[in-house]
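This report refers to the structure that appears directly beneath it.
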Amino acid sequence: MPSADLILPLIDLAPYLSPDATPSSKATVIAQVRAAVAEFGFFQVINHGIPIASQHALIEAIRTLMRIPKEDKLAMSFLKNPCRRGCTTPKKSVHPFQLPPSSTRFVDTEKKKAFYIGRPSEKIEPPGFHGPNIWPSPELVPEAEFRDPVWSYYQETNRLGREIWQLLIQGLGHPGELLSQFTKKPVVMMKMIRYPPFSSTLPGQFGVGAHTDFGGVTVLLQEAGRNGLEVEHKGEWIPVPALENVLVINAGDMIAGWSGGVYQSAKHRVINKGEEERISCATFWHGDLDATNPFIDGKGEGAAGDETVADLLVKRFRSQFSLMKGKKTEEVVRGEVFAH
Ligand SMILES: O=C(O)CCC(=O)C(=O)O
Ligand SMILES: [Fe+2]
């Protein structure tokens, strides 16, 4: 059961981001962020600098895209894309609850649909995190209704992800400029999500099952009023209210490892109990594929040391894949099951 008593910290970023910020006002925010991520792995932010109009336009754009015919979505399939972009459909995997007699072994455990974009580069580069984005044709969805607002929000959320990374770095006592050591060409994926209304989900189905994010900073926009996100804290689920112009920030496993356990990567899940669809958008701001832990100068061991960002990402996709027998590794590295 979600706990009614616990709430996540709500941090005002103005004393850090505004032109009048002083060293002391910045230090206060750095300390607040450190405390929040050390305790919860999550916090919410106001005065984050992303214009409300950009947030609204993004949500409308996602709604528009999710309504296009299924065959047009399949033509932009994430599973067929070599660099983790495009459309995913509900997740199929083995699940213990209610298998109707006529069903196959696989049922949908998650009912969401998602569309991914990332940092665009002309060439598709191994191991499949950099490459061109795909977009619906302008005849299908005019650029002003999808591509333009999505791209503009992507740039905003990139800027905010960078600021949050710098806050976390400074919270560990390093200069914020350390960021430039592992973010020359960072992997920054943006996942736009649509959860169906509660009535169309089966008992036991989640919007997103409990998981941790595996990489760096996540910046999450929830459509205002469409609650559903819950964060685990000491065995209890804390509901995270979907508030207008309030973003959710969390740290992934890579940050927890790199920080030597100072920062937490908390489990979270989504259950849309509402009778309306729920739109959200998560930006996963990782780092350069060849980067290793910047806090220990590459001298450490394991996840906290000499593994690169690419190693960590690929390892995570592979381990999730082991649940699904009979598929090829390539499908794993690209597949929805292995997306966040
Ligand atoms: O939609 C949400 O509120 C959260 C999504 C999420 O946790 C994820 O995609 O990793
Ligand atoms: Fe997540």
Side-chain angles (χ1 to χ4, degrees), residues 2 8 37 40-45 55 58-59 61-63 65-66 78 84-91 93 108-118 153-154 157 161 164 187-198 201 205-233 237-256 263-274 276-286 312-313 316-317 319-320 335-340:
L8 290 183
V37 183
F40 295 96
F42 269 77
F43 57 99
Q44 289 185 284
V45 283
Q55 300 170 49
L58 174 78
I59 286 169
I62 301 173
R63 220 187 278 299
L65 183 91
M66 294 303 172
F78 179 95
R84 311 183 59 75
R85 285 127 216 264
C87 251
T88 67
T89 46
K91 175 162 149 182
S93 62
D108 296 344
T109 54
E110 294 184 355
K111 287 289 284 183
K112 65 178 188 304
K113 290 183 195 139
F115 187 84
Y116 289 80
I117 65 163
Y153 180 87
Y154 180 81
T157 197
I164 303 290
V187 175
V188 182
M189 299 308 293
M190 190 165 103
K191 172 184 178 189
M192 293 157 261
I193 319 167
R194 185 240 183 218
Y195 300 91
F198 182 69
T201 51
Q205 269 177 340
F206 289 95
V208 187
H211 67 284
T212 54
D213 291 347
F214 52 78
V217 165
T218 304
V219 176
L220 176 76
L221 169 64
Q222 309 182 86
E223 183 178 9
R226 307 285 163 91
N227 297 333
L229 176 64
E230 296 175 0
V231 174
E232 193 183 47
H233 181 67
W237 288 102
I238 310 177
V240 184
L243 303 170
E244 179 83 321
N245 210 5
V246 176
L247 299 175
V248 180
I249 309 288
N250 64 290
D253 300 343
M254 186 179 85
I255 291 184
Y263 293 135
Q264 304 296 310
S265 167
K267 257 196 197 152
H268 51 287
R269 65 185 186 188
V270 176
I271 309 172
N272 179 17
K273 294 181 191 133
E276 282 164 308
E277 67 180 9
R278 173 179 187 272
I279 304 289
S280 68
C281 178
T283 304
F284 304 105
W285 213 114
H286 300 308
L312 293 169
L313 297 182
R316 173 72 176 243
F317 299 140
S319 71
Q320 286 175 323
E336 155 63 357
V337 179
F338 326 101
H340 287 261

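Order of listing sets the numbers, starting from 1, for every ligand and every atom in it.
Nearest N/O/S atom of Asp213 relative to the Fe ion (ligand 2): this is OD1.
With the Fe ion (ligand 2) as the vertex, NE2 of His211 and NE2 of His268 span 90° to the nearest 10°.
Separating the CG atom in Asn227 from the CD1 atom in Ile271 is a distance of 12.0 Å, to the nearest 0.5 Å. Distance check, rounded to the nearest 0.5 Å: CG of Leu243 to CD of Glu223 gives 13.0 Å. Remark: Arg278 CZ to Phe198 CZ distance equals 14.5 Å, nearest 0.5 Å.
Residue Tyr195 has at least one heavy-atom neighbour below 4.0 Å for each of these atoms of ligand 1: 1 (O), 2 (C), 4 (C), 5 (C). Of all atoms in ligand 1, listed by their number and element, those nearer than 4.0 Å to a heavy atom of Val270 are 1 (O), 2 (C), 3 (O), 4 (C). Residue Lys191 approaches ligand 1 through these ligand atoms, each under 4.0 Å from one of its heavy atoms: 8 (C), 9 (O). Each of the atoms 7 (O) of ligand 1 lies under 4.0 Å from some heavy atom of His268.
When side chains are defined from C-beta on, Val240 counts as touching Gln44, because their heavy atoms get closer than 4.5 Å.
Using a 30° and 60° split on the angle between ring planes, Phe214 and His286 fall in the parallel class, below 30°.
Under 4.0 Å from ligand 1, the heavy atoms of Phe284 that appear belong solely to its side chain. When heavy-atom distances to ligand 1 are checked against a 4.0 Å cut-off, Ile193 comes that close only through its side chain, counted from C-beta outward. Under 4.0 Å from ligand 1, not a single heavy atom of Thr218 appears.
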Phe78 and Arg84: side chain to side chain contact (heavy atoms under 4.5 Å, CB included), yes or no, with the steps?
CA-CA 6 Å; Phe78 179 95; Arg84 311 183 59 75; 3.9 Å; yes

Between Leu58 and Thr157, is the side chain to side chain contact (heavy atoms under 4.5 Å, CB included) condition met? List the steps.
CA-CA 11 Å; Leu58 174 78; Thr157 197; over 6 Å; no

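Within the 4.0 Å heavy-atom shell around ligand 1 one does not find Lys112. Distances shorter than 4.0 angstrom occur between a heavy atom of His211 and an atom of ligand 1.
Each of Asn245, Leu247, Ile62, Val246 was evaluated against Leu221; a single residue qualifies, Leu247, per the side chain to side chain contact (heavy atoms under 4.5 Å, CB included) test.
Taking only nitrogen or oxygen atoms, main chain and side chain alike, Gln222 does not reach within less than 3.5 Å of ligand 1.
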